[in-house]
Amino acid sequence: MRVEIWTDIACPWCYVASARFDRGLAAFTHRDQVEVVHRSFELNPRAENGSVPIIDAVAAQYGRTREQQVAREEQAAALAREVGLAFRVGGRVFGNTFDLHRLIHLAKSRGRQAELMGLAFQANFAEERSVYDRETQIALAVEAGLDADEARAVLDDPDAFAAEVRADERLAADLGATGVPFFVLNRRYGVSGVQSPDAFTQALDQAWADR
């Protein structure tokens, strides 16, 4: 059985939902027969990399006050801590994740996709390192088990793995996904948002029974 997961490293709810899914998968009887594929989704494809604090940028994007956005960050942080994830509030910056998605596709081609995803989430939310910084991206790739020169070559070539990212995004649109996290089980069942581990296990059970 295949589970496809659309996420963006900039998405705090994806950070939490990925951990909850992992718990739900661990409780699934046939977990060893599940292939998990991470797919790309850009929440802000027109974003430019800079130094604008994430709270100010997202508050402006959705018409919220700074206090309202801080409250949403605190809510995400509380949910993260419930599943043992570290989450710092307030220090991240706003940026464009396209290059990081390209590196994640490189990692997929080398069998290290889950490792790079996990490290990138941790760097962004637990450590508040800028995942938009080129040297940070290369360091994360190396930590995930990729070759530094190969990662650097991908970043130097704007066409490298760009088609794969765009294909993931087109597929998400075709399946009706307008946001993330978005989980698709065997191309028959869609699960969106931050579900409980039990809900993910139940969805896996249903998809397995109906496969």
Undergrad: Can you tell me how far CD of Glu42 sits from CH2 of Trp6, rounded to the nearest 0.5 angstrom?
TA: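 Reported to 0.5 Å precision, the distance equals 15.0 Å.
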Undergrad: Sub-3.5 Å donor-acceptor pair from the side chain of Arg166 to the main-chain atoms of Ala163, do we have one?
TA: no
Undergrad: Kindly determine whether Val83 and Arg23 satisfy side-chain contact (heavy atoms from CB on, under 4.5 Å), including the steps that lead there.
TA: CA-CA 9 Å; Val83 286; Arg23 288 194 176 189; 4.1 Å; yes
Undergrad: Step by step, would you call Arg92 with Glu73 a salt bridge (charged side-chain N to carboxylate O under 4.0 Å, His left out)?
TA: CA-CA 11 Å; Arg92 304 192 315 281; Glu73 285 273 308; 2.9 Å; yes
Undergrad: Once you round to the nearest 0.5 Å, how far does CZ of Phe161 lie from NZ of Lys108?
TA: 10.0 Å
Undergrad: Output the distance between atom OG (Ser109) and atom CZ (Arg112), rounded to the nearest 0.5 Å.
TA: 12.0 Å
Undergrad: Does any N or O in the side chain of Gln33 come within less than 3.5 Å of the main-chain N or O of Met1, such that one atom is a donor and the other an acceptor?
TA: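 Absent.
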Undergrad: What distance do His38 atom NE2 and Leu116 atom CG have between them, rounded to the nearest 0.5 Å?
TA: 10.5 Å
Undergrad: Would you say the side chains of Ser130 and Asp133 form a donor-acceptor pair under 3.5 Å?
TA: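 No, no side-chain donor-acceptor pair sits under 3.5 Å.
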Undergrad: Taking all atoms of both residues into account, what is the closest heavy-atom pair of Arg129 and Ala139, and its distance?
TA: NH2-CB, 4.4 Å
Undergrad: Does a sphere of radius 6.0 Å around CD in Glu48 hold more than 12 heavy atoms from other residues, nucleotides or ligands, not counting ones at 6.0 Å or beyond?
TA: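 Not buried by this count: 12 neighbours or fewer within 6.0 Å.
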Undergrad: Would you check if the side chain of Thr136 reaches a backbone N or O of Tyr132 as a donor-acceptor pair within less than 3.5 Å?
TA: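 The answer is no, because no donor-acceptor pair under 3.5 Å joins these two groups.
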Undergrad: Compare every heavy atom of Phe200 with every heavy atom of Gly193, then report the nearest pair and how far apart it is.
TA: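 Scanning both residues completely, I find the closest heavy atoms to be O-CZ, 4.3 Å.
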Undergrad: Only counting residues at least two apart or in another chain, list the ones meeting salt bridge (charged side-chain N to carboxylate O under 4.0 Å, His left out) with Arg211.
TA: none
Undergrad: In a table with atom names and distances, give each donor-acceptor pair under 3.5 Å that connects a side chain of residues 93-104 to protein atoms at least two apart or in another chain.
TA:
unit_1, atom_1, unit_2, atom_2, d
Asn96, OD1, Phe98, N, 2.8
Asn96, ND2, Pro45, O, 3.1
Asn96, ND2, Ala47, O, 2.9
Thr97, OG1, Asp8, OD1, 2.9
Thr97, OG1, Asp8, OD2, 3.4
Asp99, OD1, Arg102, NE, 3.2
Asp99, OD1, Arg102, NH2, 3.0
His101, ND1, Ser40, OG, 3.2
His101, NE2, Asp8, OD1, 3.2
His101, NE2, Phe41, O, 3.2
Arg102, NH1, Val154, O, 2.8
Arg102, NH1, Asp157, O, 2.8
Arg102, NH1, Ala160, O, 2.8
Arg102, NH2, Val154, O, 3.3

Undergrad: If only atom types and distance count, is the side chain of Arg81 paired as donor or acceptor with the main-chain N or O of Phe87 below 3.5 Å?
TA: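 Indeed, once roles are kept as given, a pair shorter than 3.5 Å links the two residues.
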Undergrad: What is the distance from atom CZ of Arg31 to atom CG of Leu25, rounded to the nearest 0.5 Å?
TA: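 Between Arg31 CZ and Leu25 CG, I get 8.0 Å after rounding to 0.5 Å.
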Undergrad: May I have all residue pairs that pass side chain to side chain donor-acceptor pair (under 3.5 Å) and include part of residues 144-156, sequence neighbours excluded?
TA: Arg110-Glu150, Arg134-Asp156, Asp149-Arg152
Undergrad: Between Gln68 and Thr65, is there a donor-acceptor pair closer than 3.5 Å when you use the side chain of the first and the backbone of the second?
TA: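 Looks like yes, one N/O pair under 3.5 Å.
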Undergrad: Between CG of Asp56 and CZ of Arg66, what distance do you get to the nearest 0.5 Å?
TA: 4.5 Å
Undergrad: Ignoring hydrogens and geometry beyond distance, is a side-chain donor-acceptor pair present between Gln61 and Asn44 at under 3.5 Å?
TA: yes
Undergrad: Decide whether Val36 and Leu204 are clustered together by the hydrophobic rule: side chain heavy atoms of Ile, Leu, Val, Met, Phe, Trp, Tyr closer than 4.5 Å, transitively.
TA: yes
Undergrad: Is any side-chain N of the basic residue among Arg88 and Glu127 closer than 4.0 Å to the acidic one's carboxylate O?
TA: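 Not counted as a salt bridge, because no side-chain N and carboxylate O are separated by less than 4.0 Å.
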Undergrad: Step by step, work out the side-chain hydrogen bond (donor to acceptor under 3.5 Å, both in side chains) result for Asp168 and His105.
TA: CA-CA 10 Å; Asp168 281 354; His105 272 280; 2.9 Å; yes
Undergrad: Arg20 and Glu82: salt bridge (charged side-chain N to carboxylate O under 4.0 Å, His left out), yes or no, with the steps?
TA: CA-CA 10 Å; Arg20 288 188 173 188; Glu82 285 178 3; 3.5 Å; yes
Undergrad: Can you list everything that forms a salt bridge (charged side-chain N to carboxylate O under 4.0 Å, His left out) with Glu128? Sequence neighbours excluded, please.
TA: none
Undergrad: Please set out all donor-acceptor pairs under 3.5 angstrom arising from side-chain atoms of residues 9-16, sequence neighbours excluded.
TA:
unit_1, atom_1, unit_2, atom_2, d
Tyr15, OH, Ala86, O, 2.7

Undergrad: For residues 176-190, tabulate all N or O donor-acceptor pairs below 3.5 Å that involve a side-chain atom, not counting sequence neighbours.
TA:
unit_1, atom_1, unit_2, atom_2, d
Asn186, OD1, Arg2, N, 3.0
Arg187, NE, Glu4, OE1, 2.7
Arg187, NE, Glu4, OE2, 3.3
Arg187, NH2, Glu4, OE2, 2.9
Arg188, NH1, Asp210, O, 2.5
Tyr189, OH, Asp210, OD2, 2.4

